[in-house]
Amino acid sequence: MSDATTWPWPAGYTVLRQLSEGQGGIVALARKSDGELAALKLLRLAADIPPEKALQRHQRLVQITGNTGLLRICDCGLTVDHAWLWEELELADDLDGGPAGANDDYQPATLRAELIERGPCSTEAVLSIGLSLCNALNALHSAGLVHRDVKPGNLFRVRGQAVLGDYGLTAPPGAPFDFTGTEGFVPSEGTADAAADLFALGKTLYELWTGCDRLEFPTLPKRILDNADWPKRGTALNELLLRVCSPQPGERYRSAHKLAADLEAVLSGETRRITRRQWLAVAGGTAVALGGVSVGLWIAHRPPVARWRQRKAWNNIPVEWGEQMPLFDAQRNCLFHLQCRHGESMLGRLDLDSYEYRKLPIQEVTENPFAPVLHPTERTIWFAESGLGPVWRLDPDTGEFTRLPGGELPEADAARSFYSLAYWNPITHRLGSFGGYGWLATRNWRWEFDAAESKWLNAEPDQPGREPRCRHGGRLMPMGNGRRLLL
């Protein structure tokens with residue numbers, strides 16, 4: 001660790017010693033002018049964010065963090081050179097159990113440190129922690145902010161209660177990530193929204209409950225399965241975590257309030273809602289009792305059936321959409337359809353709550369928008385002309401087009417036909433084009449546009465005769481481990 005006294009701390013504090021240091025800043029134990037102890041934190045400001053804007057965000061946090069479940073920010077400000085932002089934080093409990101900050105070997109009690117020192121938490125303790133953190137996230141989300149870094153190392157004990165702290169990455173939903181994320185706590189699609197915070201909370205509770213690394217999810221140790229609490233609360237908690245951390249975004253919780261209600265029900269021992277499959281199992285057991293043994297067993301073991309649900313929106317969808325697949329935006333809960341032809345350009349938007357359909361005229365850019373995709377963090381629409389031509393970004397709220405630099409391929413490559421669907425790669429965070437059929441020839445190319453380097457990268461060169469040949473499709477979905485993609 002560096003010498004904490006050499007850092008640009010604000011006036012009115014005497015820094016006693018350093019507590020921790022990371023890429024983004026440093027935390028120290030300090031004494032205020034009135035003799036009280038406090039934790040001081042220095043955050044290095046990003047070059048692209050005006051210092052005054054960063055300060056305004058933290059001043060909002062001073063008000064919000066008075067809520068239950070959040071580590072309180074007592075005061076904040078900018079250093080003299082405006083290169084750093086400082087925070088005065090409420091002191092966390094001592095990991096060894098003594099008065100906060102009183103001992104020379106004081107170490108803040110984080111739940112990560114507790115897990116290492118004392119082992120996993122009980123089912124009841126995990127449920128209580130989950131409730132407290134749901135309250136914390138609900139307060140942040142209601143204020144129009146997402147935390148973006150929920151993990152055991154950012155959870156602190158204050159007067160025995162678990163609270164969420166470390167607000168260095170807190171920002172409005174959709175703000176671009178300025179870090180690669182803590183592996184395993186960030187959803188594979190990388191969205192910076194409320195659902196991503198809940199996903200990270202689920203992985204956090206998993207670690208605290210099982211003692212396993214979040215990358216081992218959903219594995220359960222034998223200790224959990226053999227525990228006397230497993231039939232009553234353990235199975236219910238496991239079902240909640242499977243839903244919170246589902247690899248499919250549409251299956252996860254979207255509200256901290258709803259997750260808190262379900263955690264409260266499990267903690268209080270309330271009877272959970274019986275699912276259709278469980279009902280069939282009960283019906284099968286009744287049939288056995290009445291003598292229909294074979295029928296009962298068939299029902300009990302019948303696999304779940306996928307069923308279509310009709311949503312009467314077809315009267316609102318214009319015929320010009322045709323067969324082109326629209327874009328689904330889960331955050332806005334709407335469908336987008338981009339059309340650029342016959343000298344006109346238009347973005348259609350269908351609200352899936354009210355079924356209201358709106359048209360947004362936009363400036364004409366191209367006659368051939370190729371398979372638009374939704375950027376997972378910016379929530380903007382990206383596409384490339386004719387598959388491998390110039391790359392464009394469209395703001396669906398304003399209709400503003402931006403042409404990204406470096407999207408033009410050499411003539412020899414641009415002349416090649418590329419007619420498969422585009423995709424967004426959640427692992428490389430790039431717009432991609434999966435080369436299926438061209439004119440009179442089968443292609444096996446795969447290209448991705450690197451916005452940082454402003455150029456197309458040949459991610460998978462053509463290999464004649466290679467199987468499989470992707471003629472249609474191109475939708476890539478991350479597997480549960482986030483390391484491979486399914487096509």
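We count residues from 1, following the sequence as given.
- T219 and Y206 get closest at one heavy-atom pair: O-OH, 2.5 Å.
- No donor-acceptor pair closer than 3.5 Å links the side chain of E207 to the backbone N or O of D213.
- Remark: the backbone N or O of A54 is paired with a side-chain donor or acceptor of H58 at under 3.5 angstrom.
- One distance of note links NE2 of H147 with CG of D166; it measures 6.0 Å at 0.5 Å rounding.
- Taking the charged nitrogens against the carboxylate oxygens, E114 and R157 do have a contact shorter than 4.0 Å, which makes a salt bridge.
- Looking only at distances, a side-chain donor or acceptor of Y167 sits under 3.5 Å from a matching main-chain atom of L71.
- Put simply, the side chain of R214 never gets that close to the backbone of L205: no donor and acceptor are under 3.5 Å apart.
- Put simply, the side chain of T65 gets close to the backbone of I73: a donor and an acceptor are under 3.5 Å apart.
- Taken to the nearest 0.5 Å, the CG atom of L42 stands 10.5 Å off from the CD atom of E21.
- By the 4.5 Å heavy-atom criterion applied to side chains, C245 and Y253 are not counted as neighbours.
- Rounding to the nearest 0.5 Å gives a distance of 6.5 Å between CG of L240 and CG of L259.
- The aromatic rings of W382 and W424 lie perpendicular to each other, with more than 60° between the two planes, well past the 30° mark.
- Contact of the P51 side chain with the L85 side chain is not registered, since no non-hydrogen atoms from C-beta on lie closer than 4.5 Å.
- Ring centers of F383 and F401: under 6.0 Å apart, within the cut-off.
- Contact annotation: the side chain of F449 never approaches that of K455 to less than 4.5 Å [non-hydrogen atoms, C-beta and beyond].
- One N or O on the side chain of H375 and one on the backbone of E378 form a donor-acceptor pair closer than 3.5 Å.
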**Prompt:** What do the steps show when you test C121 against I129 for side chain to side chain contact (heavy atoms under 4.5 Å, CB included), and what is the final call?
**Reply:** CA-CA 10 Å; C121 302; I129 292 170; 4.3 Å; yes
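- If you take CG on L215 and CZ on F185, they are separated by 8.5 Å, rounding to the nearest 0.5 Å.
- Y106 has its side chain out of reach of D96: every pair of non-hydrogen atoms, C-beta onward, lies at least 4.5 Å apart.
- Using a 4.5 Å heavy-atom threshold, the side chains of L267 and S128 count as touching.
- Listed by first then second residue, pairs satisfying salt bridge (Lys or Arg N to Asp or Glu O under 4.0 Å) with a partner in residues 50-59 number zero, not counting sequence neighbours.
- The residues R332 and D351 are annotated as not salt-bridged, no charged nitrogen and carboxylate oxygen being separated by less than 4.0 angstrom.
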**Message:** Between L164 and L155, does the side chain to side chain contact (heavy atoms under 4.5 Å, CB included) criterion hold? Intermediate values first, please.
**Reply:** CA-CA 5 Å; L164 176 62; L155 307 180; 3.5 Å; yes
**Asked** Should I381 and L374 be marked as a side chain to side chain contact (heavy atoms under 4.5 Å, CB included) after you check the CA-CA gap, both sets of side-chain angles, and the distance that decides it?
**Response** CA-CA 5 Å; I381 297 173; L374 189 69; 4.1 Å; yes
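- At a threshold of 4.5 Å between non-hydrogen side-chain atoms, the residues L145 and R60 count as touching.
- For the atom pair CG (L263) and CZ (R233), the distance works out to 12.0 Å, reported to the nearest 0.5 Å.
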**Prompt:** After noting the C-alpha distance and the side-chain angles of T235 and W230, does the key distance pass the side-chain hydrogen bond (donor to acceptor under 3.5 Å, both in side chains) rule?
**Reply:** CA-CA 6 Å; T235 53; W230 170 253; 5.7 Å; no
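- One finds a salt bridge joining R159 and E90 here, because a Lys/Arg side-chain nitrogen approaches an Asp/Glu carboxylate oxygen to under 4.0 Å.
- In this structure a side-chain-to-backbone donor-acceptor pair under 3.5 Å is missing from N138 to A256.
- With a 4.5 Å cut-off on side-chain heavy atoms, R72 and V158 do not count as touching.
- Listed here is the closest heavy atom pair of Q107 and A113: NE2-CB, 4.4 Å.
- Taking 4.0 Å as the cut-off between side-chain N and carboxylate O, R379 and D329 count as a salt-bridged pair.
- A donor-acceptor distance shorter than 3.5 angstrom exists from the side chain of R252 to the backbone of S246, with no hydrogens or angles considered.
- With rounding to the nearest 0.5 Å, the separation of CH2 in W84 from CG in L43 is 8.5 Å.
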**Prompt:** Can you list the steps and then say if L16 with L37 is a side chain to side chain contact (heavy atoms under 4.5 Å, CB included)?
**Reply:** CA-CA 10 Å; L16 304 178; L37 293 174; 3.7 Å; yes
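- With hydrogens and angles left out, the side-chain atoms of N425 and E448 include a donor and acceptor closer than 3.5 Å.
- Nearest approach of C212 to P221, heavy atoms of both residues: SG-CD, 4.0 Å.
- Judged purely by distance below 3.5 Å, without hydrogens or angles, the side chains of Q161 and S132 never pair a donor atom with an acceptor atom.
- Under the 4.5 Å side-chain criterion, counting only non-hydrogen atoms from C-beta, D450 is not in contact with T428.
- When each of L140, L169, V186 is tested with R148 by the rule side-chain contact (heavy atoms from CB on, under 4.5 Å), just one qualifies, namely L169.
- Heavy-atom neighbours of H257 NE2 from other residues, nucleotides or ligands within 6.0 Å: at or below the threshold of 12.
- Here the shortest heavy-atom pairing between C76 and V62 reads SG-CG2, 3.9 Å.
- Listed here is the closest heavy atom pair of A92 and P108: CB-CB, 4.2 Å.
- Within the 3.5 Å criterion, the main-chain N or O of H337 finds no donor-acceptor partner in the side chain of R349.
- Of the possible polar contacts, none joining the K41 side chain to the L89 backbone as a donor-acceptor pair under 3.5 Å is found.
- Nearest heavy atom pair, residue A136 against residue L70, reads CB-CD2, 3.5 Å.
- Checked against the 6.0 Å centroid threshold, W9 and W86 do not count as a close aromatic pair.
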